[in-house]
Amino acid sequence: MSSIYQPVERYFHSTVQVGDYLYLWGGRLPDTENMKSMHSVVEVCHVPSGEWVQKPTTGDPPLGVQGYAAAVIRNEIFFYGGYNVNYIHFHEGHHNSLYSFNVDTFNWKELSPTTSHHGPMMKTGSGMVALQINDEDYLAVIGGWGPFYTPPQPGAQYSGGGYQYCNEVHMYRLKTGEWASPTVTGDRPPPINAFTLTSITNTTAILFGGEISYSRWSNDVYVFEFTDTSVNCTMFSNPGGSVQWPEERYHHSSVLINYSSGPHLLVVGGCAGGIHDCWLLNINKMEWKQLTNIPDSVTDRYGHSLSVWNETQATHWIIEFGGGSSSGSELSDTRFIEIISSTGDLVVQSVLDINEYRRERARQRLAQAILCPNWSSLTMTALY
């Protein structure tokens with residue numbers, strides 16, 4: 001088991017779940033001289049078995065290889081913006097391009113090129129979610145940080161200076177291939193970067209945390225409700241007193257867990273003041289709870305990725321990969337957090353490294369094969 005393949009260490013990447021697979025691309029990689037070839041492959045994890053494989057892609061991948069935003073619609077993963085360290089001049093490394101990656105053909109397609117002629121900004125650290133409104137597909141891009149070369153968006157705020165935080169909200173309509181500026185009402189976030197933006201439903205999303213200026217961070221929650229031409233924002237802040245509420249942070253990771261008691265947001269790690277913690281937000285009640293039985297090997301991370309795989313209605317696997325740690329090291333390990341719904345609550349059942357996870361999955365397959373020999377002949381082949 002010691003020679004199990006895992007992707008190389010990286011941070012400021014994303015892993016995107018499609019069915020039983022996770023797709024990992026890009027990030028801040030250690031081998032900058034071989035960056036182009038490293039970004040022409042995608043790492044794929046088959047979650048039921050815990051097996052990682054590296055696969056080549058066709059077409060030209062995005063230029064913004066780290067700090068990009070990603071979202072999925074059916075069999076396509078979309079990548080917006082990001083930064084590339086290979087540019088000689090720092091400002092040239094930021095992008096506002098939009099690409100799609102087809103998980104069936106492993107082919108890249110440029111949908112909207114990097115340009116200074118229109119927004120969104122060329123930026124890193126923004127958030128993107130997929131929407132479905134009136135049976136049409138959209139992508140929404142919010143916030144971020146970068147050089148101010150594109151025309152300002154009406155109604156948006158910018159922090160000022162050569163490199164600016166922004167609170168832009170753009171929508172991309174897949175049917176027409178056009179960017180639009182929706183009407184924004186309610187509690188619009190301030191200019192913000194390095195937060196998490198997570199889909200709740202086809203028309204709603206939740207934002208947590210982020211960097212609002214140098215050395216200033218947020219622990220506010222924003223819920224966005226979209227139509228095809230507008231978005232309403234509602235802010236929830238720490239009410240103080242004895243209420244549990246996470247500290248300010250940025251470069252953390254979040255994932256949505258849906259179960260019978262409603263949607264919950266899981267938040268792990270991040271930067272700002274030596275944060276090593278894990279929180280769970282009941283979105284319907286807007287109540288936070290700290291999960292205290294999570295080891296530092298999981299929580300001492302920033303710029304890492306989280307994905308969720310719902311094995312059953314009651315069993316949810318959270319898959320964490322990579323990131324940086326407070327020790328200054330960059331990580332290449334995969335952690336599997338088993339969360340079960342028990343008596344109306346979510347409970348952490350186990351935290352496994354990849355070796356432990358693969359042994360446990362093999363044990364479960366063997367036990368199932370003994371109970372049901374027909375299952376063995378069909379499923380073992382499918383897994384491998």
Does [X] pair with [Y] as a salt bridge, N-O distance under 4.0 Å?
X	Y	value
Arg301	Asp333	yes
Glu330	Arg28	no
Glu356	Arg359	no

Heavy-atom neighbours of [X] [atom1] exceed 12 at 6.0 Å:
X	atom1	value
Lys109	NZ	no
Asn107	CG	yes
Gln244	CD	yes

Judged by atom type as modelled, is there a donor-acceptor pair below 3.5 Å linking the side chain of [X] to the main-chain atoms of [Y]?
X	Y	value
Thr57	Ser40	yes
Asn310	Thr312	no
His118	Ser116	no
Ser14	Ala70	no
Glu248	Ala272	no
Trp309	Leu22	no
Gln17	Gly19	yes
Arg358	Glu51	no
Asn167	Gln157	yes
Glu247	Ile275	no

State, yes or no, whether a side-chain contact exists between [X] and [Y] at a heavy-atom distance under 4.5 Å.
X	Y	answer
Val268	Glu320	yes
Tyr80	Ser126	yes
Leu29	Val8	yes
Phe321	Glu43	no
Phe224	Val129	no
Lys123	Val141	yes
Ile133	Met171	yes
Leu281	Met286	yes

Separation between [atom1] of [X] and [atom2] of [Y], rounded to the nearest 0.5 Å:
X	Y	atom1	atom2	result
Asn134	Asn202	CG	CG	11.5 Å
Leu197	Ile192	CG	CD1	10.0 Å
Thr196	Leu306	OG1	CG	9.5 Å
Ile318	Ser253	CD1	OG	11.5 Å
His95	Asn84	NE2	CG	5.5 Å
Thr15	Tyr23	OG1	OH	12.5 Å

Using the side-chain contact (heavy atoms from CB on, under 4.5 Å) rule, take Phe106 and Val44 through it: C-alpha gap first, then chi angles, then the decisive distance, then the call.
CA-CA 11 Å; Phe106 277 70; Val44 182; 3.9 Å; yes
In terms of hydrophobic clusters joined by side-chain contacts under 4.5 Å, are Phe226 and Tyr222 together?
yes
Verify same cluster id: Val298, Ile257 (apolar side-chain graph, 4.5 Å)
yes
Could you report the tightest heavy-atom contact between [X] and [Y], atom names first, then the distance?
X	Y	value
Ser341	Tyr259	CB-CD1, 3.4 Å
Met121	Asn96	O-CB, 3.2 Å
Val184	Cys233	CG1-SG, 3.8 Å
Ile354	Trp52	CD1-CD1, 3.7 Å
Ser218	Ile212	CB-CG2, 4.3 Å
Ser307	Val16	OG-N, 4.3 Å

Can you check side-chain hydrogen bond (donor to acceptor under 3.5 Å, both in side chains) on Thr299 and Asp277, steps first, answer last?
CA-CA 5 Å; Thr299 60; Asp277 58 11; over 6 Å; no
Applying side-chain hydrogen bond (donor to acceptor under 3.5 Å, both in side chains) to Thr198 and Ser254, what does each step give before you reach the verdict?
CA-CA 7 Å; Thr198 310; Ser254 301; 4.9 Å; no
Before giving the answer on side-chain contact (heavy atoms from CB on, under 4.5 Å), spell out for Leu280 and Ile339 the whole-Å C-alpha distance, their side-chain angles and the decisive distance to 0.1 Å.
CA-CA 11 Å; Leu280 191 65; Ile339 296 182; 5.8 Å; no
Give a yes-or-no answer on whether the side chains of [X] and [Y] include a donor-acceptor pair shorter than 3.5 Å.
X	Y	answer
Glu211	Asn193	yes
Glu168	Tyr158	yes
Ser237	Asp220	yes
Asn232	Thr185	yes
Ser327	Ser329	yes

Between Arg335 and Asp353, does the side-chain contact (heavy atoms from CB on, under 4.5 Å) criterion hold? Intermediate values first, please.
CA-CA 5 Å; Arg335 299 281 169 165; Asp353 64 28; 3.8 Å; yes
Using the side-chain hydrogen bond (donor to acceptor under 3.5 Å, both in side chains) rule, take Gln364 and Glu360 through it: C-alpha gap first, then chi angles, then the decisive distance, then the call.
CA-CA 6 Å; Gln364 291 177 8; Glu360 174 61 19; 2.9 Å; yes
Verify the ring-centre separation between [Y] and [X]: is it less than 6.0 angstrom?
X	Y	answer
Trp279	Phe208	no
His94	Tyr149	no
His13	Trp25	no

In terms of ring plane angle, is the pair Phe101 and Trp108 parallel, tilted or perpendicular, where the classes change at 30° and 60°?
tilted
Measure up the Tyr357 and Trp317 rings against each other and bin them: parallel (under 30°), tilted (30 to 60°), perpendicular (over 60°).
perpendicular
Could you walk me through whether Asn258 and Val308 pass side-chain contact (heavy atoms from CB on, under 4.5 Å), step by step?
CA-CA 10 Å; Asn258 260 316; Val308 61; over 6 Å; no
From the list Lys175, Gln132, Arg173, side-chain contact (heavy atoms from CB on, under 4.5 Å) partner of Tyr138 resolves to Arg173
